[in-house]
2 protein chains.
Amino acid sequence: MIRGNLDLLVMGVLQGGALHGYGIIDELRRRSDDTFDLPEGTVYPALHRLERAGLLTSRWQQQAGRRRRVYELTPKGRAELAHKKDEWRMFVAAVGRVAGVTT
Amino acid sequence: MIRGNLDLLVMGVLQGGALHGYGIIDELRRRSDDTFDLPEGTVYPALHRLERAGLLTSRWQQQAGRRRRVYELTPKGRAELAHKKDEWRMFVAAVGRVAGVTT
DNA sequence: GGCCATACCTAGACAGTCTAGGTATGAAGT
DNA sequence: ACTTCATACCTAGACTGTCTAGGTATGGCC
């Protein structure tokens with residue numbers, strides 16, 4: 001469970017450059033050491049939502065006979081990512097104070 | 001938005017001893033410096049859910065004419081809290097690695 | 001040909017949070 | 001006496017995000 005932080009995670013992966021949906025899922029799994037092993041039914045709809053919101057753009061790409069939809073951050077998406085990072089830091093700090101968890 | 005972490009927060013507050021629902025809401029607001037200003041409609045059903053799950057017990061208390069339902073962690077609740085803290089630490093670390101956020 | 005990994009998709013179920021109501025008491029001000 | 005505010009509890013239904021469970025199609029390997 002990624003508890004409403006999927007936007008941050010996906011956009012975080014896309015900081016490093018454009019990537020297709022399936023690759024984003026792989027990268028989430030890899031960077032998190034299998035903590036985030038997300039089903040396609042979670043990630044694809046989220047990508048569509050982020051694109052509709054103007055935070056990502058996508059283009060179709062042909063890769064060895066396979067079609068891929070490659071996603072990229074828009075300037076608006078970069079700004080939103082920075083905002084979400086700030087929110088996340090404050091959230092973590094607040095949880096720490098409330099529940100006495102050090103991270 | 002507290003994104004699926006309400007159990008951790010509520011049980012975190014109750015670490016320090018028994019407290020009634022309204023007081024828990026106050027304490028969440030106070031400790032978090034207003035980051036977690038949660039409506040009663042969020043917290044009360046969560047308390048009922050945690051009690052049904054055997055993580056909390058409650059008793060009615062009369063305080064200056066006012067009735068209060070005072071909640072307390074059960075042993076099972078303490079164990080679950082420790083578990084949820086561990087999960088939270090791992091989650092925060094994983095988000096940090098994936099999205100490159102330092103906390 | 002069969003199977004697996006890659007690569008995309010969506011409908012509907014489910015869970016947790018929030019909105020928006022409701023009740024009732026006590027204290028303080030007019 | 002009346003109003004208003006803070007305290008203190010409650011629930012039904014809306015909403016949102018995640019997950020389950022299906023579907024399609026290609027390429028590589030045995």
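All chains are named by letter (A, B, ...) in the order of the sequence lines, taking the proteins before the strands, and each is independently numbered beginning at 1. Quick caveat: nothing in here was measured; it's all calculated off a predicted structure.
- Protein atom CD of A:Gln62 is 12 Å distant from nucleotide atom P of C:dA7, rounded to whole Å.
- B:Arg52 places its CZ atom 12 Å from the P atom of D:dC10, with the value rounded to the nearest Å.
- Comparing D:dT11, C:dA7, D:dC9 by their nearest atom to the side chain of B:His20 picks out D:dC9.
- For B:Arg68, the side-chain atoms get nearest to D:dA8 when compared with the rest of D:dC19, D:dA8, D:dT11.
- Closest-nucleotide positions on DNA chain C for A:Gly41 and A:Arg67 were compared, and the one nearer the 5' end corresponds to A:Arg67.
- To the nearest angstrom, P of C:dG16 lies 18 Å from CZ of B:Phe36.
- Scanning both residues, B:Arg89 and B:Asp86, for their nearest heavy atoms gives NH1-OD1, 3.0 Å.
- Looking at A:Glu40, its side chain never comes within 3.5 Å of a backbone N or O of A:Tyr22 through a donor-acceptor pair.
- Taking atom CG on B:Leu38 and atom C1' on C:dG16, their separation rounds to 12 Å, with Å as the unit.
- By the 4.5 Å heavy-atom criterion applied to side chains, A:Arg59 and A:Glu72 are counted as neighbours.
- Looking at which nucleotide of DNA chain D each of A:Asp7 and A:Arg66 is closest to, the 5′-most match is held by A:Asp7.
- Side-chain nitrogen and oxygen atoms of A:Arg49 include none within less than 4.0 Å of the OP1 or OP2 phosphate oxygen of C:dT10.
- When distances are taken from the side chain of B:Trp60 to each of D:dT18, D:dC10, D:dA8, the shortest belongs to D:dC10.
- Nearest to the side chain of B:Tyr71, among D:dC10, C:dC18, D:dA8, sits D:dC10.
- Ring-centre distance between A:Phe91 and B:Phe36: below the 6.0 Å cut-off.
- Atom P of nucleotide D:dT7 and atom CG of B:Asp26 are separated by 6 Å, given to the nearest angstrom.
- Atom OH in A:Tyr22 sits about 5 Å away from atom C1' in C:dT6, given to the nearest Å.
- Rounding to whole angstrom units, CG of residue A:Leu47 and P of C:dC8 are separated by 9 Å.
- The nearest whole Å value for the distance from the CE atom in B:Met1 to the P atom in C:dC18 is 7 Å.
- Closest of all the heavy-atom pairs between A:Gly54 and A:Lys76 is O-CB, 3.8 Å.
- Listed candidates were D:dC10, C:dT17, C:dA7. Nearest to the side chain of B:Ile2 is C:dT17.
- Under 4.0 angstrom from either OP1 or OP2 of C:dC9 there lies no side-chain N or O belonging to A:Tyr44.
- Under 4.0 angstrom from either OP1 or OP2 of D:dC10 there lies at least one side-chain N or O belonging to B:Arg69.
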